[in-house]
Protein chains: 2
Amino acid sequence: MAVTIIDVAREANVSPSTVSRVIADHPRISEKTKKKVREVMESMHYYPNFQARNLAARTTQTIGVVMANSATLAFQNPFFPEVIRGISTTAHACQLGLYLSTGGTEEEIFQEVVAMVQGRKVDGVILLYSRVDDKTLNYLREMQFPFTIVGRPYDFENQIDFVDNDNQQIAKDVVNYLVDLGHREIAFIGGDVHFVVSADRLEGYRAALEDHQLSYQEKYFIQDYAFEQDGKEAIRQLMAEEQPPTAIVAHDDSVAYEIIRYLEQLEIRVPEDVSIISFNNHALSEHVKPPLTSVDINIFELGIQATELLLKRIKQPEREASHQFVDTTLIVRDSCQSLNPR
Amino acid sequence: MAVTIIDVAREANVSPSTVSRVIADHPRISEKTKKKVREVMESMHYYPNFQARNLAARTTQTIGVVMANSATLAFQNPFFPEVIRGISTTAHACQLGLYLSTGGTEEEIFQEVVAMVQGRKVDGVILLYSRVDDKTLNYLREMQFPFTIVGRPYDFENQIDFVDNDNQQIAKDVVNYLVDLGHREIAFIGGDVHFVVSADRLEGYRAALEDHQLSYQEKYFIQDYAFEQDGKEAIRQLMAEEQPPTAIVAHDDSVAYEIIRYLEQLEIRVPEDVSIISFNNHALSEHVKPPLTSVDINIFELGIQATELLLKRIKQPEREASHQFVDTTLIVRDSCQSLNPR
DNA sequence: AAGTATTATGCAAGCGCTTGCACAAAATTC
DNA sequence: GAATTTTGTGCAAGCGCTTGCATAATACTT
């Protein structure tokens with residue numbers, strides 16, 4: 001088999017423990033010995049076996065990355081690639097590996113996380129989603145296993161490490177932006193409210209309306225499943241209201257474009273007849289017609305921060321829980337129109 | 001610490017090896033003993049330590065997934081999420097974990113792969129890219145370590161397991177499609193030719209032109225870096241040719257949309273004035289204006305097949321190298337126009 | 001009833017590494 | 001120059017599990 005620490009030790013006339021200490025650059029080993037051992041390691045092409053090392057040292061040097069479920073991957077473009085890029089960046093800098101969940105259902109994912117934790121596959125976990133009342137999250141919390149969430153936890157906000165955008169605030173900002181442009185009838189096409197991100201944005205939308213003495217109205221709110229089931233019909237109905245909205249907030253750019261397409265089929269123009277604004281600022285939104293006004297949520301940074309937070313927690317298991325909000329940017333393009341008189 | 005096999009053994013009045021065999025469902029253990037041991041495991045909340053198990057069994061139950069580099073993640077939407085979804089599906093079904101590369105440069109990635117292989121972190125590797133003359137690939141090949149590529153290898157095609165689309169053929173198909181519509185002046189906006197996928201598509205484009213007695217012309221070919229540097233200018237020049245192209249083939253939908261935007265700025269309409277066709281069929285391409293004619297390359301399936309192929313190789317290290325081409329579909333939408341007389 | 005085959009379990013030697021402790025040698029102190 | 005401290009290395013006991021081989025117990029032959 002491969003050359004082990006013992007082979008090196010024999011060849012270098014030292015004990016295995018010395019070799020181990022040379023690898024760890026232990027200060028108590030003389031430079032002379034270190035040099036000698038390193039030369040032998042080199043010449044024998046020694047490479048440490050991380051499995052063995054980690055078993056002995058009771059660590060994994062790996063963090064688990066858990067996505068809501070692999071099936072939704074495609075829909076949350078570009079979230080996944082970007083957040084992975086952020087996580088990778090920090091993880092690589094700290095020589096940590098990434099272990100990815102693969103499950104397709106909530107239960108499968110839960111089982112996987114249990115395997116990661118109890119099976120000693122990872123030193124900590126990053127949850128890439130925050131769902132209301134999530135079994136996996138509760139498990140992690142009860143086990144007191146190091147983890148962070150990309151997203152605000154529904155419960156125990158002060159006992160859990162997380163990073164997120166301030167989704168309530170950005171939803172407010174978006175509504176405020178529209179109101180400033182003179183809009184009063186503002187519709188909201190939401191995401192799955194079982195995800196906290198969607199619930200928060202909806203809440204921000206409501207709160208902002210209230211701030212402006214505009215009442216929240218059922219007819220201006222389309223739920224995710226209604227839209228997914230028959231988006232075209234949902235939009236048709238929305239625009240057929242006696243007082244149709246003059247602006248629509250969509251929870252994601254891809255939804256926004258889908259809406260725009262249906263509007264077009266109804267011969268309603270964007271932004272001339274109705275304004276559209278959305279979240280997540282896909283890369284394509286810059287190039288596509290009409291260029292979409294969208295909130296850039298800085299996914300890359302979310303990944304970075306989540307990983308850094310996790311590392312702190314791993315190093316200091318007893319530290320206070322903390323969280324961080326990552327800044328967003330409203331990217332104004334051409335999908336919203338002012339109704340204000342010149 | 002956590003409960004081990006030894007604790008269970010003691011409690012159940014059997015030896016550790018028996019417990020181990022119960023876990024493995026070894027046929028030589030009586031049902032009675034199995035039942036007893038399982039009850040004890042249950043009541044003690046035993047959970048196997050995979051680290052230890054894998055060390056002893058000389059396996060990892062993990063496959064390494066290596067991306068070209070994390071920085072490009074964003075640009076290759078939706079490739080990464082979709083291929084991961086495919087890989088996950090197969091991996092999960094076989095109880096395999098996924099270990100993701102994190103490196104940002106070729107050299108970092110190479111080092112990571114060495115660590116995966118020599119450090120016994122994975123049982124096999126999936127390369128999510130195929131680059132010309134790739135150090136990592138050569139290493140894997142020379143080490144005879146199990147691996148597959150999503151993409152055609154540049155060299156040693158018959159000695160390496162891989163899955164891919166038949167990119168030369170689909171590029172030909174695309175050109176043929178345009179020619180059938182009456183186009184003769186067909187431009188090609190390529191990807192980085194250091195990646196085999198781009199080289200293959202370019203090759204298919206050239207070959208198809210030849211098949212139709214249309215000569216390949218420099219002026220109709222824009223290289224990736226030219227486009228990235230100043231796409232707008234590149235397109236301007238292209239369309240300012242004495243005989244501008246009537247159709248443009250773009251190597252990715254996102255590039256196609258970027259082109260369309262520049263064309264629009266030049267007051268050139270798609271598809272009325274120039275047709276556009278591209279590869280990869282992003283999810284958005286269905287909704288966005290103009291709906292793009294694009295080749296769906298079935299990324300999900302590429303992920304599935306690559307994983308299955310890798311598993312075969314892991315199980316049978318000595319088997320013949322094999323490869324598989326995954327079918328593609330030309331999704332005809334509204335970005336190409338026929339020049340043929342009615 | 002003795003011999004053979006089969007089934008069920010245990011023993012013990014790993015897998016390759018880390019690390020607390022002991023201890024010898026060298027350096028420092030007074 | 002003896003006593004003390006510092007430095008450098010080795011010993012051996014793990015980490016928690018697997019597995020080839022031996023052996024005990026039981027079942028099957030004739």
Side-chain angles (χ1 to χ4, degrees), chain A residues 1-38 40-41 44-62 95 97 115-123, chain B residues 1-38 40-41 44-62 95 97 115-123:
Chain A
M1 273 241 102
V3 17
T4 74
I5 223 172
I6 298 187
D7 303 322
V8 174
R10 193 182 306 122
E11 192 74 13
N13 282 314
V14 294
S15 75
S17 33
T18 300
V19 177
S20 171
R21 289 185 176 108
V22 170
I23 295 170
D25 204 16
H26 190 112
R28 276 290 174 76
I29 301 288
S30 69
E31 282 309 320
K32 211 175 102 194
T33 309
K34 281 184 183 172
K35 183 156 177 285
K36 180 177 62 180
V37 171
R38 281 180 185 138
V40 174
M41 292 198 320
M44 296 181 79
H45 302 294
Y46 169 77
Y47 204 96
N49 179 322
F50 292 110
Q51 255 183 189
R53 190 222 284 284
N54 290 338
L55 175 61
R58 290 185 189 82
T59 161
T60 67
Q61 305 297 344
T62 303
Q95 317 247 53
M116 289 186 199
V117 172
Q118 315 242 37
R120 309 298 137 97
K121 297 183 177 191
V122 303
D123 293 337
Chain B
M1 275 240 100
V3 18
T4 73
I5 224 173
I6 297 188
D7 304 321
V8 174
R10 193 182 305 122
E11 192 74 13
N13 282 312
V14 295
S15 76
S17 34
T18 299
V19 177
S20 172
R21 288 186 177 109
V22 170
I23 295 169
D25 204 17
H26 190 111
R28 275 292 172 76
I29 302 289
S30 68
E31 282 309 320
K32 209 174 103 194
T33 309
K34 280 184 182 171
K35 182 154 177 284
K36 180 176 64 179
V37 171
R38 281 181 186 137
V40 174
M41 293 195 323
M44 298 181 78
H45 302 293
Y46 169 78
Y47 204 96
N49 179 321
F50 292 110
Q51 254 182 187
R53 186 218 287 274
N54 291 339
L55 175 61
R58 289 184 190 84
T59 161
T60 67
Q61 305 298 344
T62 302
Q95 319 247 53
M116 289 187 201
V117 172
Q118 314 243 35
R120 308 296 136 98
K121 297 183 176 190
V122 303
D123 293 337

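Chain naming here is simple, since letters A, B, ... match the order of the sequence lines and numbering starts at 1 in each. Heavy-atom basis, side chains included; hydrogens, waters and symmetry copies ignored.
By the side chain to side chain donor-acceptor pair (under 3.5 Å) test, A/T33 is found to be paired with A/S30, residues two or more places apart in sequence or in another chain being considered. Every residue meeting the side chain to side chain donor-acceptor pair (under 3.5 Å) condition with A/T59, not counting sequence neighbours, appears here in chain and number order: A/Q61, A/D123. For B/Q118, the side chain to side chain donor-acceptor pair (under 3.5 Å) criterion is met by B/Y139, not counting sequence neighbours. B/S17 is linked by a side chain to side chain donor-acceptor pair (under 3.5 Å) to B/S15, counting only residues two or more places apart in sequence or in another chain. For B/K34, the salt bridge (charged side-chain N to carboxylate O under 4.0 Å, His left out) partners at least two apart in sequence or on another chain are B/D25, B/E31. Under the side-chain contact (heavy atoms from CB on, under 4.5 Å) criterion, A/A56 pairs with no residue at all, not counting sequence neighbours.
Here D/dG8 presents its C1' atom at 11 Å from NZ of A/K36, a figure rounded to the nearest Å. Computed from coordinates, the A/D25 CG to D/dT9 P distance equals 13 Å when rounded to whole Å. Atom CD1 in B/I6 sits about 8 Å away from atom P in D/dC17, given to the nearest Å. Spacing between atom NZ of A/K35 and atom P of D/dG8 amounts to 16 Å, rounded to whole angstrom units. Rounded to an integer number of Å, the gap from CD of A/Q118 to C1' of D/dC17 is 17 Å. As rounded to whole Å, 12 Å separates atom C1' of D/dG20 from atom CZ of B/R58.
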Look for any protein N or O under 3.5 Å of an N or O in nucleotides 23-25 of chain C and output each such pair with its distance, or none.
none

What nitrogen or oxygen pairs link the protein and nucleotides 27-29 of chain C at under 3.5 Å?
none

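Contact annotation: the side chain of A/K121 never approaches that of B/T62 to less than 4.5 Å [non-hydrogen atoms, C-beta and beyond]. Counting heavy atoms from C-beta outward, A/Y46 and A/I23 have side chains that approach closer than 4.5 Å. Residues A/T4 and A/D7 form a side-chain contact, since some pair of their non-hydrogen atoms from C-beta on lies under 4.5 Å apart.
As judged by a 4.0 angstrom heavy-atom cut-off over every strand, B/T4 is placed among residues touching the sugar-phosphate backbone only.
Here the closest non-hydrogen pair linking B/P16 and B/A9 is N-CB, 3.6 Å. Pairing each heavy atom of B/R120 with each of A/A2, the nearest pair is NH2-CB, 3.3 Å.
Axis orientation changes by 40° from one end of the helix from C/dA1-D/dT30 to C/dC30-D/dG1 to the other, with each end axis drawn from 5 pairs and the value rounded to 10°.
Between the OG atom of A/S20 and the CZ atom of A/R53 there is a distance of 8.0 Å, given to the nearest 0.5 Å. Here the CG-CG distance, from B/N49 to A/L55, works out to 6.5 Å after rounding to the nearest 0.5 Å.
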(request) Do nucleotides 4-10 of chain C as a string where each nucleotide becomes B, S or -: B if the base has a protein heavy atom under 4.0 Å, S if just the sugar-phosphate does, - if no protein is that close. (result) ---BBBB
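For the segment residues 44-55 of chain B, residues with any heavy atom less than 4.0 angstrom from an atom of DNA chain C are, sorted by number, B/L55.
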(message) Using the rule given for side-chain contact (heavy atoms from CB on, under 4.5 Å), can you reason through B/E11 versus B/V3, listing the C-alpha separation, both sets of side-chain angles and the distance that settles it, and then say yes or no?
(response) CA-CA 11 Å; B/E11 192 74 13; B/V3 18; over 6 Å; no
